[in-house]
Amino acid sequence: MAEEARKKIEPVRSVKGTRDLLPPATGLWQRVEEESRRVFEAYNFREIRTPVLEETALFRRSVGADTDIVTKEMYTFEDRDHESLTLRPEATASVVRAYIEHGLFNDGGIHKLYYMGPMFRRERPQKGRFRQFYQIGAEVLGSDHPSVDVELLEMLALLVERLGLGNSTLLVNSVGCARCRPEYVKVLKRALEGVKSKLCADCQRRAVTNPLRVFDCKVEADQATIAGLPRILDYLDPECRQHFEFVTAGLRDRSIAYTIEPRLVRGLDYYTRTTFEMTSGALGAQNALMGGGRYDGLAEMLGGPPTPGFGVAIGEDRLVLAVEEAGALRAAVGLDAYIAWMGDGAYGPATKLARDLRREGLSVEIRRPTDAAKLKKSLGVASKLSARYSIIIGEDEVAKGRYQVKDMTSGQQEEVEPARLVAYLKVRMGTGG
RNA sequence: GUGAGCGUAGCUCAGCUGGUAGAGCGCCAGACUGUGGCUCUGGACGUCGCGGGUUCGAAUCCCGUCGCUCACCCCA
């Protein structure tokens with residue numbers, strides 16, 4: 001009765017667009033995160049952790065009230081006290097909020113912060129795009145100098161190199177500032193009026209609602225027309241132009257390959273001047289590995305003191321995808337030792353050995369009793385777990401005071417006294433890797 | 001939000017124009033009662049996503065529904 005009833009229960013599954021990351025895949029994620037931390041810390045970035053939940057207003061004011069993210073992609077709900085809360089769709093706004101909230105501007109100088117964690121956007125999932133996705137980001141607050149931009153781009157180039165992603169392309173552009181961009185948008189709108197009839201339906205719509213977006217069009221037939229549109233780089237004011245030239249010169253100076261992409265227009269309202277994106281060929285339609293730019297007006301938009309900023313958001317899901325594709329990074333695998341024991345008399349010594357090895361930081365597995373006839377089974381388990389060594393402890397070994405240590409790669413076996421075992425294994429672990 | 005493709009064993013998939021399911025891998029056991037990876041033999045495992053319809057008969061055809069995937073949109 002109860003059995004039959006149970007069969008009908010639909011198992012609960014993960015929510016659409018969210019996923020479980022299981023071992024061994026998580027090993028690769030850990031490697032990517034480790035490498036990121038190492039590189040960031042080398043550039044003197046320090047970690048900041050902000051809440052996943054924020055007041056909705058934060059994103060409306062920063063990301064932009066009529067961007068796609070805010071109008072249709074946020075997970076927003078009313079809390080019990082009627083406050084509107086949102087699961088963060090990105091983290092730059094949170095970092096700047098924290099910067100203001102804790103008065104970090106009071107100690108002068110610049111702040112270099114990095115973060116990693118889940119973000120949420122309610123989009124239709126596809127390759128490299130999820131409703132809960134992970135970003136690794138870095139932000140520099142407090143300097144409007146273009147050397148900041150160059151340094152961060154240099155850091156990203158190093159990260160990409162460390163991850164074995166040689167085939168990435170860096171695209172850079174400038175979207176001007178609050179003074180010169182509106183001028184350009186006017187010019188662009190006028191130009192679009194003239195050629196509107198030649199463009200696809202989507203572009204005709206964009207020409208009115210968000211002219212900069214026309215540059216994202218992928219319709220082949222539109223490309224010639226789009227190529228003929230005025231470019232923002234030709235409309236930058238002198239300060240913005242100088243800033244951009246400093247950045248590109250800095251990249252050349254460091255031999256960092258880049259392509260100027262006048263069509264690169266970031267989708268968030270807060271960007272000013274430098275914008276960039278790094279793409280990877282291995283990703284499908286969602287090929288942006290990371291993107292970012294300068295946001296000199298953001299702190300003010302959030303009610304803080306004028307504070308220039310520059311940052312990047314890396315799509316970790318995509319980064320991991322690309323790293324898998326490239327195959328250059330291997331996750332740490334396997335087990336250092338498997339303890340195959342048999343016979344009641346071996347139980348005590350075997351568990352004690354396991355404890356000692358584990359206290360030394362070795363990765364050790366020990367399982368239920370196996371009867372002496374099934375040693376082969378234990379070794380089979382050791383093999384399946386990719387153990388580097390198996391330690392065989394039967395009653396013979398206990399009596400003799402020496403355990404059998406089997407190197408699972410070579411098949412070689414040696415007798416080792418329990419007291420020497422930790423040292424024996426540590427020496428071999430150290431050199432073997 | 002829109003479009004397309006796909007849902008068959010734990011996994012990857014086969015199953016032609018309808019005759020009530022198969023392979024490989026994995027798993028378990030044995031060959032080999034103290035030595036893994038190889039080989040051989042045997043074994044367990046399926047509401048053919050779900051609901052309805054057509055039919056003597058549906059994994060197969062039709063409708064609906066749910067899910068997944070990819071693409072558009074947009075972005076990381």
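Numbered from 1 within each chain, the chains take letters A, B, ... in sequence-line order.
Rounded to whole angstrom, the span from the CG atom of A/L163 across to the C1' atom of B/A76 amounts to 15 Å. Atom CE in A/M116 sits about 17 Å away from atom P in B/A76, given to the nearest Å. One atom, CZ of A/R131, and another, P of B/C75, lie 18 Å apart when rounded to the nearest Å. The nearest whole Å value for the distance from the CD atom in A/E73 to the P atom in B/U2 is 15 Å. Between A/I69 atom CD1 and B/C73 atom P there is a gap of 16 Å when expressed in whole angstrom units.
Using a 4.0 Å cut-off between charged nitrogen and carboxylate oxygen, A/R402 and A/E397 do not count as a salt-bridge pair.
A centroid separation of less than 6.0 Å is found between the aromatic rings of A/F310 and A/F276.
The base of B/C74 lies close enough to the side chain of A/R129 for a donor and an acceptor atom to sit less than 3.5 Å apart. In this model, a side-chain donor or acceptor of A/E123 finds a partner on the base of B/A76 within 3.5 Å.
Of the N and O atoms on the side chains of A/T76 and A/T86, at least one donor lies less than 3.5 Å from an acceptor on the other residue. A/E154 and A/Y43 share a donor-acceptor pair across their side chains, judged by distance under 3.5 Å alone.
In terms of position along RNA chain B, the nucleotide closest to A/K72 lies nearer the 5' end than the nucleotide closest to the other residue of the pair A/Y134 and A/K72.
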Between protein and nucleic acid, restricted to nucleotides 66-70 of chain B and to nitrogen or oxygen atoms under 3.5 Å apart, what atom pairs and distances do you find?
from: B/G67; atom 1: O3'; to: A/R13; atom 2: NH2; distance (Å): 3.1
from: B/G67; atom 1: O2'; to: A/R13; atom 2: NH2; distance (Å): 2.7
from: B/C68; atom 1: OP2; to: A/K16; atom 2: NZ; distance (Å): 3.1
from: B/C70; atom 1: OP2; to: A/K127; atom 2: N; distance (Å): 3.0

Task: Sugar-phosphate or base contact per nucleotide [nucleotides 28-44 of chain B; S, B, -; heavy atom under 4.0 Å] - done: -SS-BSBBBB-------

